[in-house]
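Contents: one structure, followed by commentary.
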Amino acid sequence: AIIDAVNEFTDVEAEFTGDIPYGHPALLDLPIVIPQSEPNEAELEQISRYLIAGGFIFDIELGLDLYREGLEKYGGLVWGRDAWVESLPDNHPIFFSYFSIAGGLPAVSLSTVPGSIERGSAQPIRGLFINDRLAGVVFKALASQELPGTTVGGVNPFLVPQVDEEAIHQRLERRSDPRLRQLMVNIVVYALTQDGSIAQR
């Protein structure tokens, strides 16, 4: 969904590099990563170096607080002063970096139709900051635990055989929502163009 949106709306040629372990040297050359599992102790050191060096995490379900220990231990940062997690205000530049998206991310409603998007209300985006640079965001709109027909525990929702056709249709419809696709583009463009990013270096 992210790659398709970026390639459709911008001149950026986005592509996946495939699965790269946290410890792989190529990690430090990637401008944006989408973590698929929690890092172990050795991996936490590498991902902390990546973040401090200008990397950006596009998180869809792990959360950003898990990087606190590594940033403190391996980066010497003080949590709350040098690094922190907070909700992005509606006027943050990320909402205007390519498309103008007033009001933030649409809220996700699971109370009526699973996976439906509730218009007229906003769901905050949480960001990881390192010395005032946005180093990552949690984008829950793509998180598997919010999607119908998935299981708990990090199982890839596309590999779960119990997902019926209706659930797949709802998932694809939600991921193709124009406002969500525009916001995905904004996040990528902002991550690539902000000062101190790997792409800028």
Side-chain angles (χ1 to χ4, degrees), residues 1-20 26-36 47 50-64 67 83-109 115-144 146-147 158 170-201:
I2 299 167
I3 297 296
D4 289 346
V6 170
N7 287 334
E8 178 181 345
F9 293 120
T10 75
D11 292 332
V12 175
E13 294 182 13
E15 63 182 4
F16 280 114
T17 58
D19 291 337
I20 294 179
L27 178 75
L28 298 174
D29 295 326
L30 299 176
I32 302 171
V33 297
I34 304 171
Q36 301 298 302
I47 195 74
Y50 168 78
L51 288 167
I52 291 169
F56 189 90
I57 288 178
F58 199 129
D59 184 279
I60 58 175
E61 63 184 333
L62 296 177
L64 299 171
Y67 304 105
W84 64 91
V85 174
E86 68 180 33
S87 294
L88 302 183
D90 290 349
N91 64 351
H92 190 278
I94 203 167
F95 296 114
F96 308 98
S97 63
Y98 195 82
F99 295 104
S100 180
I101 305 174
L105 182 64
V108 176
S109 172
S116 66
I117 295 174
E118 185 179 300
R119 296 291 177 195
S121 56
Q123 170 187 347
I125 294 181
R126 291 180 56 76
L128 170 65
F129 289 85
I130 297 177
N131 295 322
D132 293 326
R133 179 180 63 85
L134 184 61
V137 295
V138 174
F139 195 81
K140 289 292 187 184
L142 297 178
S144 64
E146 294 180 357
L147 299 175
F158 296 106
Q170 289 173 349
R171 177 183 299 128
L172 293 176
E173 183 178 325
R174 179 159 162 234
R175 289 185 176 191
S176 63
D177 178 88
R179 191 172 177 199
L180 292 178
R181 288 168 53 78
Q182 290 176 353
L183 190 50
M184 285 188 272
V185 170
N186 277 25
I187 292 170
V188 170
V189 169
Y190 185 84
L192 295 176
T193 59
Q194 70 173 325
D195 289 340
S197 69
I198 284 178
Q200 287 296 297
R201 289 192 295 103

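What you see below is based on every heavy atom in this structure, not just the backbone, and it leaves out hydrogens, waters and symmetry mates. Since the model is a prediction, treat every value here as computed from it, not as a measurement.
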Begin with the C-alpha distance, continue with both residues' side-chain angles, and end with the deciding distance and a verdict on side chain to side chain contact (heavy atoms under 4.5 Å, CB included) for V188 and T10. CA-CA 10 Å; V188 170; T10 75; over 6 Å; no

Closest heavy-atom pair and its distance - Y50, L28: CA-CD2, 3.6 Å

How long is the span from the CZ atom in F56 to the CD1 atom in I187, to the nearest 0.5 Å? 6.5 Å

So do L88 and I94 actually touch side chain to side chain, heavy atoms under 4.5 Å? yes

Show the nearest heavy-atom pair for residues V85 and R126, with the distance to one decimal. CG1-NH2, 3.0 Å

Side chains of L128 and D59, heavy atoms from C-beta outward: is any pair under 4.5 Å? no

Hey, what do you get for CG (D19) to CD1 (I34), rounding to the nearest 0.5 Å? 10.5 Å

Minimal heavy-atom distance between A199 and L192, with the atoms involved, is CB-O, 3.4 Å

Only counting residues at least two apart or in another chain, list the ones meeting side-chain hydrogen bond (donor to acceptor under 3.5 Å, both in side chains) with E86. W84

Working to the nearest 0.5 Å, report the span between CD1 of I20 and CG of D29. 9.0 Å

For E8, check side-chain hydrogen bond (donor to acceptor under 3.5 Å, both in side chains) against everything at least two apart and list the hits. R181

Any side-chain heavy atom of Y67 within less than 4.5 Å of one from I57? yes

Could you tell me the separation between the CD1 atom of I52 and the CZ atom of R133, rounded to the nearest 0.5 Å? 9.0 Å

How long is the straight-line distance from CD1 of I32 back to OH of Y190, given to the nearest 0.5 Å? 12.5 Å

Please tell me if the side chains of H92 and L134 come closer than 4.5 Å, counting only heavy atoms from C-beta onward. yes

Give the minimum heavy-atom separation between T17 and L30, together with the two atoms involved. CG2-CD2, 3.6 Å

Atom of F95, atom of P89 and distance for their closest heavy-atom approach: CE1-O, 3.2 Å

In terms of heavy-atom contacts, N186 and Y98 come closest through OD1-CB, 3.4 Å

